[in-house]
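Shown next, in structure tokens, is the structure this report addresses.
Quick note: numbers below take in every heavy atom, side chains included, and nothing from hydrogens, waters or symmetry partners.
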Amino acid sequence: MCNIVILMVASLALISGQALAQDTAATPQYCSEIAASMNWNNTALFGSWLELARNPNANSKACMELRVSLLSDNTTLSFNVSHSATNVSQWQDINEPAQSLKLTVNATTGYNITLDGQTYEWVKLLQLVNDNTYLVGCAYTNASNTSTGYGFILGRDGKYNATGLMAANNAASLVYKDFTNGTYTPILQDGCFRNSASQSLPLITGFLALALLLIKAL
């Protein structure tokens with residue numbers, strides 16, 4: 001009899017715990033509703049990131065790359081953004097003006113950023129996923145109009161894959177309304193290229209060598 005009572009109590013406790021967990025489960029929020037952003041003064045954020053997905057995708061440019069670093073004062077975040085001219089071009093020929101952000105210690109509200117010619121009221125960083133391979137974030141231009149917001153996923157070059165990207169997207173969709181489970185619009189990254197000064201060096205060196213030979217001949 002005692003064992004039966006203990007079993008009944010344990011079962012009731014389990015059911016109550018499950019009900020409490022369901023009642024307190026996080027309700028998905030739009031970007032403007034999310035109270036907390038990651039602290040941007042985080043070394044895991046520094047380096048080069050590729051934008052892999054955006055939802056919804058308002059004709060986002062292909063080959064989007066962000067290079068992030070912290071200046072020597074340890075309070076200024078500097079980042080450069082490069083991308084192609086269209087959503088299908090593989091030529092990364094556009095370099096956005098470099099931007100600098102004065103970081104606030106332990107700030108969780110996000111920051112105002114100009115990207116691709118458009119100023120967003122706030123960009124919020126939400127999650128680092130899969131051993132810092134993916135960075136989940138969101139942005140919006142009008143806090144009172146949720147249709148101006150979007151979610152994005154960045155990835156480390158050479159580390160991301162389709163499976164990991166979908167997993168990051170699906171996990172984000174559970175808590176953020178700017179993501180859709182099982183669906184995202186990819187940003188073209190495969191085959192992207194850009195002009196490099198080093199590629200023209202052999203040609204210049206060849207001309208210099210020829211000029212030197214001509215001078216010696218004279």
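- Here the side chains of Met38 and Leu45 are in contact, with some heavy-atom distance below 4.5 Å.
- The CD atom of Gln90 sits 14.5 Å away from the CZ atom of Arg194 when rounded to the nearest 0.5 Å.
- By the rule that hydrophobic residues join a cluster once side-chain heavy atoms approach within less than 4.5 Å of another member, Tyr111 and Leu125 end up as members of one cluster.
- A single hydrophobic cluster is seen to contain both Val123 and Phe46, as judged by linkage of ILVMFWY side chains at heavy-atom distances under 4.5 Å, directly or through other members.
- The closest donor-acceptor contact from the side chain of Gln92 to the backbone of Cys63 lies under 3.5 Å.
- Each salt bridge (Lys or Arg N to Asp or Glu O under 4.0 Å) pair with one or both residues in residues 157-170, not counting sequence neighbours, would appear here, but there are none.
- Put simply, Leu101 and Trp49 are part of the same group of oily side chains (I, L, V, M, F, W, Y) that touch within less than 4.5 Å, one to the next.
- Looking at every heavy atom in both residues, Ser78 comes nearest to Leu71 through CB-CD2, 3.8 Å.
- For the residue pair Leu126 and Ala36, the shortest heavy atom distance occurs at CD2-O, 4.2 Å.
- Taking OG1 from Thr146 and CD from Gln29, the interatomic distance works out to 13.0 Å, rounded to the nearest 0.5 Å.
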Residues 131-138 side chain polar contacts: donor-acceptor under 3.5 Å, at least two apart:
{"unit_1": "Thr133", "atom_1": "OG1", "unit_2": "Asn130", "atom_2": "O", "d": "2.8"}
{"unit_1": "Tyr134", "atom_1": "OH", "unit_2": "Asn161", "atom_2": "N", "d": "3.0"}
{"unit_1": "Tyr134", "atom_1": "OH", "unit_2": "Asn161", "atom_2": "O", "d": "3.2"}
{"unit_1": "Tyr134", "atom_1": "OH", "unit_2": "Leu165", "atom_2": "N", "d": "3.4"}

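- Summarising the geometry, atom CG belonging to Asn95 is positioned 8.5 Å from atom NE2 belonging to His83; distances are rounded to the nearest 0.5 Å.
- The list of salt bridge (Lys or Arg N to Asp or Glu O under 4.0 Å) pairs with a residue in residues 66-82, not counting sequence neighbours, reads Glu65-Arg67, Asp73-Lys102.
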Can Phe193 and Asp93 be said to form a side-chain contact (heavy atoms from CB on, under 4.5 Å), step by step?
CA-CA 8 Å; Phe193 66 95; Asp93 59 332; over 6 Å; no

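- Val81 and Tyr150 fall within a single hydrophobic cluster, where Ile, Leu, Val, Met, Phe, Trp and Tyr side chains are chained together by heavy-atom contacts under 4.5 Å.
- For the pair Ile94 and Ala85, the tightest heavy-atom approach, listed with the atom from each and the gap, is CD1-CA, 3.6 Å.
- The shortest heavy-atom contact between Arg54 and Ser60 is CD-OG, 3.2 Å.
- The closest side-chain heavy-atom distance from Leu77 to Val68 is below 4.5 Å.
- Nearest heavy-atom pair, Ser100 versus Thr76, reported as atom, atom and distance to 0.1 Å: CB-CG2, 3.8 Å.
- Atom CG of Leu154 sits about 10.0 Å away from atom OG of Ser48, to the nearest 0.5 Å.
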Show me the donor-acceptor pairs, under 3.5 Å and distance only, between side chains in residues 173-186 and residues at least two apart or in other chains.
{"unit_1": "Ser173", "atom_1": "OG", "unit_2": "Asn170", "atom_2": "O", "d": "2.6"}
{"unit_1": "Asp178", "atom_1": "OD2", "unit_2": "Cys31", "atom_2": "N", "d": "2.8"}
{"unit_1": "Thr180", "atom_1": "OG1", "unit_2": "Asn55", "atom_2": "ND2", "d": "3.3"}

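- Atoms CD1 and CD, on Ile187 and Glu51 in that order, are 4.5 Å from each other to the nearest 0.5 Å.
- Nearest heavy atoms, Pro56 versus Gly149: CD-O, 3.8 Å.
- Residues passing the side-chain contact (heavy atoms from CB on, under 4.5 Å) test with Ala143 are Ser32, Glu121, Tyr140, sequence neighbours excluded.
- Here the SG atom belonging to Cys192 is positioned 13.0 Å from the CH2 atom belonging to Trp91, to the nearest 0.5 angstrom.
- For Asn142, the side-chain hydrogen bond (donor to acceptor under 3.5 Å, both in side chains) partners are Ser144, not counting sequence neighbours.
- Taken together through direct or relayed side-chain contacts under 4.5 Å among Ile, Leu, Val, Met, Phe, Trp and Tyr, Leu103 and Leu128 form part of one hydrophobic cluster.
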